[in-house]
Amino acid sequence: MPENYRALQGFKDILPEEQPYWRLIENTASEVASLYGYQRIETPLLEDTTVFRRTSGEGTDIVEHEMYSFDDRADKEGRRQNISLRPEGTASVVRAYLEHGMFKLAQPVKLFYMSMPMFRRERPQAGRLREHHQFGCEALGESDPAIDAEIIGMLYQIYTRLGLKNIRVNINSIGDSNCRPQYIEKLKAYYQPLLTDCCDDCQIRFHKNPLRLLDCKKPQDQAKIAAAPRITHNLCEPCQEHFASVQRYLKFYGVPYDIDTLIVRGLDYYTRTVFEFTSEIDNVALNGGGRYDGMAEIFGGPQTPGIGFGVGIERVILELKRQGIEPPAEPKPRAFVVYFGKTQDMKDAATQLTAELRQAGIKAATSYGERSNKAQMKQANASGAEFSIIIGEDELANGTLSIKQMQVGQEKTENKQVQIKRDEIIPYLTGHQA
RNA sequence: GUGACCGUAGCUCAAUAGGCGGAGCUCUGGAUUGUGGCUCCAGUGGUUGUGGGUUCGAGCCCCAUCGGUCACCCCA
């Protein structure tokens, strides 16, 4: 294969053998989302770059060097719009909410999106691709902490239904525009005298994104982090109450959670509640989410609280595989039609029968071309079909079909083969259905 | 963006010390011209990622490049 005709680095084909995992996740998540009253929405892959830049934040890695952005072709006046492949889903959904005036509907408006591709130009590694897919939910127009708990509870229920064990739920509150700036000042004041002793990255973080100081994994900085002032101890009164209420409501959903005051999310738009679900095996986040009460105003819309999350589907699949969870397989055909003869009549009879079965809603397969009888039986076997239906000279002559049961051990052929009238085939097959 | 390891058939992998590129699986055909699975036989399938270099001779050594995997960073 010439190397220029390969999928791009970090982009993956999703092959048939992977599809059962996707189906399982898509079905499970959609059902649970519907259970909680979320309605599906789909937004375009491309947006004006500012949709993402303004919301995620200028200083974040995602907008700074991970977005696929480019100038569109010039319009009549010669202007070029800079557009981007979406790196995350929330901003687009909020944009759609405002664009379609959904703030005039009964609030909250609960939306979910399924398997929407996301693009970030990072170096690929385990569980990280340049194109990945997310399932996500957004609840807009409601600031009640009960909905924070609801959304976390829903997520937990999805993982439970998928059969995943040992999922760790970490929550935190990062305050709002009222109390967070004060906390950041406090954090900087704490770090100022320690700075010379910090790792190189932390030196940069101190100026660029002080909250990230808490995220450092270098051993030399762990003691500093442990003694650093905590955001949860520096929340303003309303934020404190909100966080306490989230925790109270969370109990009703039976979610075993931990408060992790070190959670700092990678997007600037979060306020108050933030959360991450991770597997216990390693530290990879399966999803991330939180509240974003200021986003609608960034777009020039009415003040609209919101909360949501995005689940990395590829990461959940990795976790399903690690935990040995097998998704339901694609159903096998009920019948495989073979023709023991090379005449056109024979081929016609086989084709007609196959078409009839399918139109009757019976999953049927058949052979193509000129294959030996044995080869066709081999195909029938490999297809996993429950029955093979044999059309040969005799059957054609006396209007019958030979039906052979395939998946019944190594008995002799005579014991598992019967001949029936041609027009009894559909009742025969449906009668055998479980 | 930084670093480490790895590229041989569709897949999983061999190939002594640098000396004629192989096996298993898959696929196709056959072992009684109307019957699968188990077994046996045969066949298809390769520019050894690509381009240079060293050598009488390179899958193997050297350089470059592309790709993959993993880690860091960051994130889902």
Side-chain angles (χ1 to χ4, degrees), chain A residues 1-12 15 17 56 60-66 87-90 116-136 155 199-202 204-205 208-209 212 215-218 263-267 276-279 282-289 309-319 336 338-342 346 367 369-385 387-396 402-414 416-417 419:
Chain A
M1 190 66 177
E3 60 190 65
N4 20 351
Y5 295 116
R6 296 160 48 118
L8 297 173
Q9 181 177 26
F11 288 68
K12 287 255 186 289
L15 300 174
E17 66 216 47
S56 295
T60 59
D61 284 285
I62 287 178
V63 311
E64 207 164 278
H65 39 255
E66 293 179 2
E88 61 100 29
T90 302
M116 289 210 308
M118 308 290 168
F119 301 85
R120 295 179 197 176
R121 202 179 184 294
E122 305 176 84
R123 192 82 165 261
Q125 70 182 66
R128 197 178 67 189
L129 298 160
R130 288 184 170 182
E131 180 193 29
H132 76 282
H133 298 77
Q134 290 188 18
F135 154 72
L155 208 35
C199 72
D200 294 349
D201 288 338
C202 282
I204 299 164
R205 290 185 181 111
K208 204 176 114 186
N209 193 342
R212 287 235 160 271
D215 213 22
C216 183
K217 275 120 197 157
K218 297 266 170 23
I263 291 184
V264 180
R265 311 243 59 248
L267 304 165
E276 280 176 2
F277 286 38
T278 57
S279 82
D282 56 19
N283 278 329
V284 69
L286 298 170
N287 65 264
F309 62 79
V311 177
I313 296 182
E314 284 88 347
R315 287 191 177 175
V316 174
I317 291 175
L318 275 182
E319 190 58 25
F336 193 103
V338 302
Y339 43 101
F340 286 179
K342 294 186 169 105
M346 201 75 82
S367 194
E370 293 189 2
R371 285 164 205 272
S372 68
N373 304 333
K374 174 181 253 183
Q376 292 189 63
M377 290 307 292
K378 275 188 156 185
Q379 286 186 310
N381 183 58
S383 77
F387 300 98
S388 44
I389 302 179
I390 299 157
I391 303 176
E393 299 290 348
D394 297 347
E395 289 82 358
L396 211 51
S402 291
I403 308 210
K404 181 171 183 177
Q405 255 192 298
M406 298 300 280
Q407 316 295 336
V408 288
Q410 302 212 11
E411 299 164 42
K412 287 188 172 161
T413 287
E414 305 88 71
K416 36 185 189 177
Q417 189 163 328
Q419 216 170 52

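Each chain gets a letter, A, B and so on, in the order its sequence line appears, and its residues count up from 1.
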Exercise. Can you give the dot-bracket line for RNA chain B, where a pair is Watson-Crick or G-U wobble with both atom distances under 3.5 Å, crossing pairs use [ ], and | marks a partner on another strand?
Worked result: (((((((..((((.....[..)))).(((((.......))))).....(((((..]....))))))))))))....
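For A:Arg128, the salt bridge (Lys or Arg N to Asp or Glu O under 4.0 Å) criterion is met by A:Glu122, not counting sequence neighbours. In terms of the salt bridge (Lys or Arg N to Asp or Glu O under 4.0 Å) criterion, residue partners of A:Arg212 (sequence neighbours excluded) are, by chain and number, A:Asp215.
Atom P of B:G24 sits at a distance of 16 Å from the matching atom of B:A14, rounded to the whole Å. Here the separation of B:C13 from B:U55, taken at their P atoms, is 36 Å to the nearest Å. Across B:G18 and B:C5, the matching C1' atoms stand 24 Å from one another, rounded to whole Å. For the C1' atom pair drawn from B:G19 and B:U69, the interatomic distance equals 33 Å after rounding to whole Å. A distance of about 15 Å separates the C1' atoms of B:G7 and B:U47, rounded to the whole Å. Taking atom P in both B:A4 and B:C56, the straight-line distance is 33 Å, to the nearest Å. Using P as the reference atom, B:G46 and B:G21 are 15 Å apart when rounded to the nearest Å. Separation of the P atoms belonging to B:C6 and B:U44 is 34 Å when rounded to the nearest angstrom.
Shortest non-hydrogen contact noted between A:Pro124 and A:Arg130 is CD-NE, 4.3 Å. Considering all non-hydrogen atoms of both residues, A:Ser402 and A:Gln417 come closest at CB-NE2, 3.5 Å.
Annotation: the span from A:Gln9 atom CD to A:Arg121 atom CZ amounts to 7.5 Å, rounded to 0.5 Å. Distance check, rounded to the nearest 0.5 Å: CG of A:Asn381 to CD of A:Gln376 gives 13.5 Å.
Residue contacts shown for A:Arg371 are limited to sugar-phosphate atoms, with no base heavy atom under 4.0 Å away. Within 4.0 Å of A:Arg205, counting heavy atoms only, lie sugar-phosphate atoms of the nucleic acid but no base atom. Contact annotation for A:Arg212: backbone-only contact, meaning every heavy-atom pair under 4.0 Å involves sugar-phosphate atoms and none involves a base. Across all strands, A:Lys12 comes closer than 4.0 Å only to sugar-phosphate atoms, never to a base (heavy-atom distances). Here A:Glu314 lies out of heavy-atom contact (under 4.0 Å) with every strand. Within the 4.0 angstrom heavy-atom criterion, only backbone atoms of the sugar-phosphate kind lie near A:Gln9; the bases stay farther away.
The side chain of A:Glu393 lies closest to B:G34, out of B:U2, B:U35, B:G34. Counting only heavy atoms from C-beta on, A:Arg121 has its side chain closest to B:G1 among B:G1, B:C70, B:G34.
The distance from atom CD of A:Glu122 to atom C1' of B:G3 is 17 Å, rounded to the nearest whole Å.
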